[in-house]
Amino acid sequence: MKILYGICSWGLGHATRSLPIIRKLLAEDNEITIISHGNTLKFLKEELGEDVTFFDVKDYPIPVSETKGAFIARSIAYWPRFMRRMNRGIRFVMRLLERERFDVIISDGRYDIYSRKIPSFMINHQVRILSPFKLKLFDLGSEIFNLFFLKRFIKFLVPDYEDPDNLSGRLSHDLRLIKRNSLSYVGVLSDFRKIPMKKDIDLLISLSGPEPQRGILEKLLLQQARDMDGRIVFTLGRVGESIIKTDGNIEIHGIVDRSKREELLNRAKLVVSRSGYSTIMDLAVIGSKALLIPTPGQPEQEYLARYHMERGNFYSMKQDDLLLARDVERARMYRGIRRRCDVGKSVERVIEEITENVDRFG
C-alpha cells in the first residue's frame, strides 16, 4: 500500500507512538509519505532517514493558557487561527492527491490530514477534550467537535484499553455521544521495550513539549538537581543538539536517539517528566516509577497527572510548587503502572483495523 501519514508536532509524543506502526508498515514493504512540522519532523527524519518521503506542513497551534481567565481570551483568538491552519493543511493534501495516488491516510492527532475519497484513520487518545473549568457542557461540546470530524475518518483508533484498568480515563472513555463502533481501542503504543538492565540511574529527568514551558522547567530542575545526591541524567529534548556534558553527579544530553532513550528508561529507578499521554504509555511499557509535572495551561496533562495519582500509579506536582528533593521521595512510594502492555499486539491491531476497513471502503 501507499500510505500518507500525518503526525501532530505538539512535542515528540505523537511521533514516538507512531514509530512502531511506521516501522512495521515499512517492514511489510509499504510506501510511506509523512506530513509533519518543526522538531517533530526533524526527529522523524533522523529516525527514518531515506526510507520515507517527508513534507513540512504546519499544523494548528497548541492551545496553552496558564490561567482560566486567559483560557477564555485565548480560546476566542485560537479558533480563527485553528481554522486557517486547518484549511491550509486540507488544501495541501488535496493538491498532493492530485499528483499522487494513496491507498490510505493515517493521521496521528492531525484533523487536517484526511480525504473523503480515501479511507482515512485518526489515531487519537483525546476523544473528549477537557477544559480547565470542569464543565459538563464544555465536555459535551468537545464530543460534538470530534463527532464532526469522525464523519471524515473511518474510525478513531484509540491507543488505550477499553477495560477499567485503562490509561486515559475520561479522555477516551464513558462517552455520551460518540458511538462505540466509531472507536477501536487498540492498546498502548510506544517505541520502547522493557529490557532487564541494572537500575544504576537514580533519577532520569526527561524534558519535552512546547516552549517556553520546556525551557522554564529545564532551568528549574537543573537548579534544584544540583543539591541532590545520586546519579542524575537529563535529556533536554532539544532536537538537533546532541550535547553531552557532566556537572558533578549530573549528566546532560541535548537529545538522545531511540536506542539510548530506551536504555536510559530501563536503567532509571525513577523518571521525572511531563504528564503527556505518550510519555505515560512509555512509562507503562517500561514499568517505571515517575514524578509527573504537567505543563501549565494544558488541561489534558493536568487531568492525566491527577488521574494517575488518584489511582496510585504516579505522584505529581505542579511546576510552580515543585521541590525536587521532596517530591522525588514522595514519588518513590507510588507503584507505577503494573498492567502488561504488549506493543506488538497493539501495532498488529492497528494494521488489522486499517486493512479490514480499507477492504470495506466505498
Side-chain angles (χ1 to χ4, degrees), residues 11-13 167 190 192 194-209 213-238 244-256 260-298 300-339:
L12 300 181
L167 277 63
S190 170
F192 305 113
K194 183 177 178 62
I195 303 172
M197 300 184 77
K198 183 180 179 181
K199 298 285 187 179
D200 59 356
I201 297 174
D202 295 286
L203 204 59
L204 172 62
I205 299 177
S206 177
L207 301 177
S208 62
Q213 290 299 336
R214 191 213 59 80
I216 292 170
L217 184 59
E218 174 188 324
K219 184 177 179 180
L220 177 65
L221 288 172
L222 279 169
Q223 181 180 8
Q224 295 193 19
R226 291 190 178 99
D227 298 325
M228 296 179 64
D229 297 324
R231 185 174 186 181
I232 301 173
V233 177
F234 274 80
T235 60
L236 302 180
R238 298 181 187 172
I244 302 175
K245 63 181 180 179
T246 57
D247 182 359
N249 61 322
I250 299 174
E251 179 182 315
I252 301 171
H253 300 257
I255 192 74
V256 292
K260 184 64 175 178
R261 178 166 171 77
E262 183 177 68
E263 174 199 323
L264 293 173
L265 283 168
N266 278 283
R267 290 168 57 194
K269 297 175 184 177
L270 184 79
V271 177
V272 178
S273 69
R274 292 299 194 191
S275 52
Y277 187 66
S278 295
T279 296
I280 288 172
M281 288 194 292
D282 294 340
L283 295 170
V285 169
I286 302 295
S288 303
K289 293 186 175 186
L291 166 61
L292 301 180
I293 308 167
T295 301
Q298 283 196 24
E300 173 198 352
Q301 289 198 14
E302 292 166 350
Y303 167 75
L304 286 170
R306 288 194 308 271
Y307 175 73
H308 285 283
M309 187 169 173
E310 290 168 0
R311 292 169 72 91
N313 295 334
F314 306 118
Y315 184 68
S316 69
M317 180 55 59
K318 293 181 180 179
Q319 183 170 297
D320 290 342
D321 298 329
L322 182 69
L323 292 174
L324 187 60
R326 177 200 66 189
D327 296 329
V328 161
E329 290 307 311
R330 293 178 179 178
R332 296 189 196 281
M333 304 301 292
Y334 285 69
R335 63 175 180 264
I337 295 170
R338 289 295 176 228
R339 76 170 297 157

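Everything quoted here is computed from the prediction, not taken from an experiment.
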Partners passing side-chain contact (heavy atoms from CB on, under 4.5 Å) against [X] (at least two apart in sequence or in another chain):
X    : answer
Y307 : N166, Y303, R311
S288 : V271, L283, I286
K289 : L270, R338

Sort and list the pairs that fulfil ring-ring contact (aromatic ring centres under 6.0 Å, His included) and have at least one residue in residues 213-235, not counting sequence neighbours.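 Qualifying pairs: none.
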
Taking N249 for its side chain and G230 for its backbone only, find out whether a donor-acceptor pair lies under 3.5 Å.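 Side chain of N249 to backbone of G230: a pair is present.
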
Going from [atom1] on [X] to [atom2] on [Y], what distance comes out if it is rounded to the nearest 0.5 angstrom?
X    : Y    : atom1 : atom2 : value
D200 : N266 : CG    : CG    : 11.0 Å
I293 : D320 : CD1   : CG    : 11.0 Å
I232 : L203 : CD1   : CG    : 5.5 Å
L291 : M317 : CG    : CE    : 8.0 Å
H308 : I280 : NE2   : CD1   : 4.0 Å
L220 : L207 : CG    : CG    : 10.0 Å

Might you work through the side chain to side chain contact (heavy atoms under 4.5 Å, CB included) test for S206 and R261, ending with a clear yes or no? CA-CA 9 Å; S206 177; R261 178 166 171 77; 2.8 Å; yes

Check [X] against [Y] and note the closest heavy-atom contact, atom names and distance.
X    : Y    : result
K199 : L265 : NZ-O, 4.2 Å
S190 : V285 : CB-CG2, 3.7 Å
T279 : S273 : CG2-OG, 3.3 Å
S278 : G13  : OG-O, 3.0 Å

Does some side-chain heavy atom of [Y] sit less than 4.5 Å from a side-chain heavy atom of [X]?
X    : Y    : value
L324 : Q223 : no
E251 : I201 : no
Q213 : P296 : yes
M309 : Y334 : yes
L221 : L322 : yes

Could you go through the side chain to side chain contact (heavy atoms under 4.5 Å, CB included) check for E263 and R267 one step at a time? CA-CA 6 Å; E263 174 199 323; R267 290 168 57 194; 2.5 Å; yes

Output yes when R231 and D202 qualify as a salt bridge under the 4.0 Å nitrogen-oxygen rule, no when they do not.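 Judged by the 4.0 Å cut-off on N to carboxylate O distance, R231 and D202 do not form a salt bridge.
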
Pairing of R214 and E218 as salt bridge, 4.0 angstrom limit: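 Salt bridge: yes.
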
So which pairs with a foot in residues 219-230 pass salt bridge (charged side-chain N to carboxylate O under 4.0 Å, His left out), sequence neighbours left out?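 Only R226-D247 qualify under salt bridge (charged side-chain N to carboxylate O under 4.0 Å, His left out).
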
Can you tell me if NZ on K318 sees more than 12 non-hydrogen neighbours from other groups inside 6.0 Å?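 Incorrect, the count does not exceed 12.
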
Indicate whether any N or O donor in one side chain lies under 3.5 Å from an N or O acceptor in the other, for S208 and R274.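 Short answer, no.
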
Derivation and outcome, side chain to side chain contact (heavy atoms under 4.5 Å, CB included), residues M228 and V328: CA-CA 10 Å; M228 296 179 64; V328 161; 4.2 Å; yes

Please name all residues satisfying salt bridge (charged side-chain N to carboxylate O under 4.0 Å, His left out) with R326, sequence neighbours left out, ordered by chain then number.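 Partners of R326 by the salt bridge (charged side-chain N to carboxylate O under 4.0 Å, His left out) criterion come out as none, since no residue qualifies.
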
Determine the sole option in Q301, R306, E300, E302 for which the side-chain contact (heavy atoms from CB on, under 4.5 Å) test with L304 is passed.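 When Q301, R306, E300, E302 are each tested with L304, the side-chain contact (heavy atoms from CB on, under 4.5 Å) holds only for E300.
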
